Amino acid sequence: MKFKGVIFDLDGTLVNSLEDIADAMNKVLKDLDYPTHSYENYQYFIGSGLRNLVSKSLPENHNDETQIEHCYQLMVEVYRDHCTNQTKPYNGILELLDYLITHNMKLGVFSNKSDELTKKIVAALFPGYFNSIVGLSIESLKKPNPSEAIAISKSFGLNPEEIIFVGDSGIDMQTATNANMHAVGVSWGYRPEEELIANGAKHIANHPSDLIQIFKTLKKMDSGLVS
């Protein structure tokens, strides 16, 4: 079957947002006299939504639901105003998107970041590139639940089998598998290659230019030019 669309994860796949996320959360922690965390630690907090990141960031003795909700609201308030301070597309991403558009691919974003912030970042950094942009609106719909990914494919007028799903985490690869989409992992994000492979990645890209080669290979396979 010919691939006609691509859904991308946002953080760690299209953009490096680690420092803006970490700085916002660390400000909240510092204001509350709680221990802060390194950028390296935040790599493992990102991926399951900002509320989950807040929970992982809080001290164990201040991690009840009331405090998580309070700190989540504080964190989002800070992050909303600073979410594009240092966040930038990875080198080669814009060239990749241009390539896909010239080959008539439908493009979407599906993130576990809140829908409001997902749309704000994508609008600021990728104006006009994406046909569908979906962030987290209901906790039960966050990845690896495939419902939103499948809804994006329907908005494209495509079957899930015609979609390539690109992400940097095991959760992304699980989402692709659950949605019956073609899972492609990227190694430049926040998780190791081993996690991607263990969770179903069919290909690993080490640079956005590698994705272009993967797409070319898949296109040849669709055309029957590669056995």
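The structure displayed is predicted, hence computed values, not measured ones. Position 1 is the first residue of the sequence; numbering continues from there.
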Please list, chain by chain and in numerical order, all residues satisfying salt bridge (charged side-chain N to carboxylate O under 4.0 Å, His left out) with K119, sequence neighbours excluded. D115
Could you work out, with ring pair (Phe, Tyr, Trp, His ring centres under 6.0 Å) as the rule, every residue matching [X], not counting sequence neighbours?
X	value
Y99	H103
H70	none
H37	Y42, F45
H203	H182

Are side-chain heavy atoms of [X] and [Y] found at a separation under 4.5 Å?
X	Y	result
I163	L158	yes
V6	F215	yes
L100	L96	yes
K113	Y79	yes
K106	K4	no
E193	I197	yes
I204	V186	no
N16	T87	no

Is K56 close enough and on-axis enough to Y44, meaning under 6.0 Å and within 45°, for cation-pi?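 No - K56 does not lie over the ring of Y44 by the 6.0 Å and 45° rule.
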As an exercise, state the distance from [atom1] of [X] to [atom2] of [Y], rounded to the nearest 0.5 Å.
X	Y	atom1	atom2	value
M181	N159	CE	CG	10.0 Å
R191	I171	CZ	CD1	6.5 Å
L211	E95	CG	CD	12.5 Å
D11	N112	CG	CG	9.5 Å
L50	C83	CG	SG	10.0 Å
I121	T84	CD1	OG1	7.5 Å

After noting the C-alpha distance and the side-chain angles of H207 and D210, does the key distance pass the side-chain hydrogen bond (donor to acceptor under 3.5 Å, both in side chains) rule? CA-CA 5 Å; H207 186 274; D210 294 342; 5.7 Å; no
Go through the steps to decide whether S17 and D20 satisfy the test side-chain hydrogen bond (donor to acceptor under 3.5 Å, both in side chains), and finish with yes or no. CA-CA 6 Å; S17 53; D20 283 336; over 6 Å; no
Heavy-atom closest contact ([X] atom, [Y] atom, distance):
X	Y	result
D9	S111	OD1-CA, 4.5 Å
G108	F156	N-CZ, 3.6 Å
C71	V54	CB-CG1, 3.7 Å
W188	P208	CZ3-N, 3.4 Å
T13	D168	OG1-N, 3.2 Å
S140	N145	O-ND2, 2.9 Å

Are S114 and V76 close enough, and set up right, to give a side chain to side chain contact (heavy atoms under 4.5 Å, CB included), and what steps lead you there? CA-CA 9 Å; S114 75; V76 169; 5.7 Å; no
Tabulate below the donor-acceptor pairs under 3.5 Å that side-chain atoms of residues 123-138 make, not counting sequence neighbours, or state none.
from	atom 1	to	atom 2	distance (Å)
Y129	OH	D98	OD1	2.9
N131	OD1	L107	N	2.8

Should S153 and E162 be marked as a side chain to side chain contact (heavy atoms under 4.5 Å, CB included) after you check the CA-CA gap, both sets of side-chain angles, and the distance that decides it? CA-CA 8 Å; S153 72; E162 297 176 292; over 6 Å; no
Start with the C-alpha gap between E69 and Q73, add the side-chain angles, then the distance that decides, and say whether side-chain hydrogen bond (donor to acceptor under 3.5 Å, both in side chains) holds. CA-CA 6 Å; E69 176 62 23; Q73 296 298 332; 2.7 Å; yes
Apply the test salt bridge (Lys or Arg N to Asp or Glu O under 4.0 Å) to residues E116 and R80: give CA-CA distance (whole Å), side-chain angles for both, the deciding distance (0.1 Å), then the verdict. CA-CA 9 Å; E116 171 202 359; R80 182 183 289 116; 2.7 Å; yes
Test E148 against K143 for salt bridge (Lys or Arg N to Asp or Glu O under 4.0 Å), laying out the working first. CA-CA 8 Å; E148 296 283 26; K143 297 178 287 187; over 6 Å; no
Given side chain to side chain contact (heavy atoms under 4.5 Å, CB included), test I164 with I7 step by step and report yes or no. CA-CA 6 Å; I164 297 167; I7 297 175; over 6 Å; no
V184/K202 under side chain to side chain contact (heavy atoms under 4.5 Å, CB included): CA gap, chis, key distance, verdict: CA-CA 6 Å; V184 175; K202 298 182 184 301; 5.9 Å; no
